[in-house]
Amino acid sequence: MNLNQITVPSLDLSKSVPFYKTLGLKLIVEAFPHYARFECPDGNSTFSIHQTEQLPSGDGIYVYFECEDLDTHVEGLIQKGIEFDSKPTDQRWLWREARLKDPDGNQLILFYGGENRLNPPWRIKKEG
């Protein structure tokens, strides 16, 4: 299995689509007002948004996008008017993360995990 796509809800794609384009995602499907799909700039995964009448309650959705040059990428987005809840910070789980929300309040984390992304020191070791 390989993760292909994540889809998040949006009340208004006319606000969400420009936001995600500014983040650097490439719009590949435009089925307004109900759906839009993006290609991630690195790798083969895609990301989409779909129109909904109501957003989830509680903490909602968390989506992680990995960026090799995180600090530079975040500074560039700030220059483009993107607001962050927290700028790049080293985390105890050995990732560097910056946090923000999309126009619908979906939680986005731009991060760099390097080798620790898949192989943290506490990873379960395969027996045998």
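Predicted model, so just to flag it, every value in this text is computed and none were measured. Positions are given from 1 along the sequence.
The nearest pair of heavy atoms linking T52 to Q54 is OG1-O, 3.1 Å. Considering every non-hydrogen atom in both V29 and L27, the closest pair reads O-CD1, 3.4 Å. In plain terms, the two heavy atoms of E53 and L11 that are nearest each other are O-CD2, 3.6 Å. P56 approaches P9 most closely through the heavy-atom pair CD-CG, 3.7 Å. Residues S16 and P103 share a closest heavy-atom pair of CA-CG, 4.2 Å. When all heavy atoms are compared, the tightest approach of L13 to H34 is CD2-C, 3.9 Å.
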Next item on the list: Would you check, one step at a time, whether the test side chain to side chain contact (heavy atoms under 4.5 Å, CB included) holds for T7 with I49?
Entry: CA-CA 5 Å; T7 302; I49 50 180; 5.9 Å; no

Note to self: Let's go through T46 and R37 carefully: what are the C-alpha distance in whole Å and the side-chain angles of both, what is the deciding distance for side-chain hydrogen bond (donor to acceptor under 3.5 Å, both in side chains) to 0.1 Å, and is it a yes or a no?
What the structure shows: CA-CA 7 Å; T46 60; R37 187 172 181 191; 2.9 Å; yes

Next item on the list: Give the C-alpha distance, both sets of side-chain angles, the deciding distance and a yes or no for side-chain hydrogen bond (donor to acceptor under 3.5 Å, both in side chains) between S45 and N4.
Entry: CA-CA 5 Å; S45 60; N4 173 48; over 6 Å; no

Item checked: Step-by-step salt bridge (Lys or Arg N to Asp or Glu O under 4.0 Å) determination, D71 to K87 -> CA-CA 8 Å; D71 292 59; K87 290 187 178 179; over 6 Å; no

Checklist line | side-chain hydrogen bond (donor to acceptor under 3.5 Å, both in side chains) between Q5 and S48, intermediate numbers included | finding: CA-CA 7 Å; Q5 174 178 331; S48 61; 2.6 Å; yes

Notebook entry, point to check: Can you list the steps and then say if K26 with Y20 is a side chain to side chain contact (heavy atoms under 4.5 Å, CB included)?
Noted result: CA-CA 8 Å; K26 178 183 174 189; Y20 283 104; over 6 Å; no

Note to self: side chain to side chain contact (heavy atoms under 4.5 Å, CB included), that's the test. Do F32 and V17 meet it? Break it down for me.
What the structure shows: CA-CA 10 Å; F32 286 179; V17 167; 3.6 Å; yes

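The aromatic rings of F65 and F47 sit perpendicular, their planes meeting at an angle over 60°, well past the 30° parallel limit. Using the six-membered ring where Trp is involved, F111 and Y64 have ring planes that are perpendicular, over 60° apart on the 30 and 60° scheme.
Atom-to-atom distance recorded for E39:CD and N44:CG is 8.0 Å, nearest 0.5 angstrom. For the atom pair CG of L108 and CG of L100, the computed distance is 4.5 Å after rounding to the nearest 0.5 Å.
D90 has a carboxylate O that lies under 4.0 Å from a charged side-chain N of R96, or vice versa, which qualifies the two as a salt bridge.
Checked against side-chain hydrogen bond (donor to acceptor under 3.5 Å, both in side chains), R92 has no partners two or more places apart in sequence or in another chain.
A distance-only check finds no donor-acceptor pair linking the side chain of D104 to the backbone of N106 [under 3.5 Å].
Placement of Y35 and L55 in two distinct hydrophobic clusters is found when ILVMFWY residues are connected by side-chain heavy-atom separations under 4.5 Å, directly or transitively. Residues Y62 and F38 do not share a hydrophobic cluster, defined by chaining ILVMFWY side chains whose heavy atoms lie under 4.5 Å apart. There is a path of hydrophobic side-chain contacts, each under 4.5 Å, that joins V74 to V63. There is no path of hydrophobic side-chain contacts, each under 4.5 Å, that joins W95 to L110. Residues I109 and F84 do not share a hydrophobic cluster, clusters being chains of Ile/Leu/Val/Met/Phe/Trp/Tyr side chains in contact below 4.5 Å.
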Name every donor-acceptor pair, under 3.5 Å, that has one atom in a side chain of residues 112-120 and the other anywhere in the protein, sequence neighbours excluded.
unit_1	atom_1	unit_2	atom_2	d
E115	OE2	N119	ND2	2.9
R117	NE	E66	OE1	3.0
N119	OD1	R123	NH1	3.1

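Around CD1 of I6, the count of heavy atoms belonging to other residues, nucleotides or ligands within 6.0 Å does not exceed 12.
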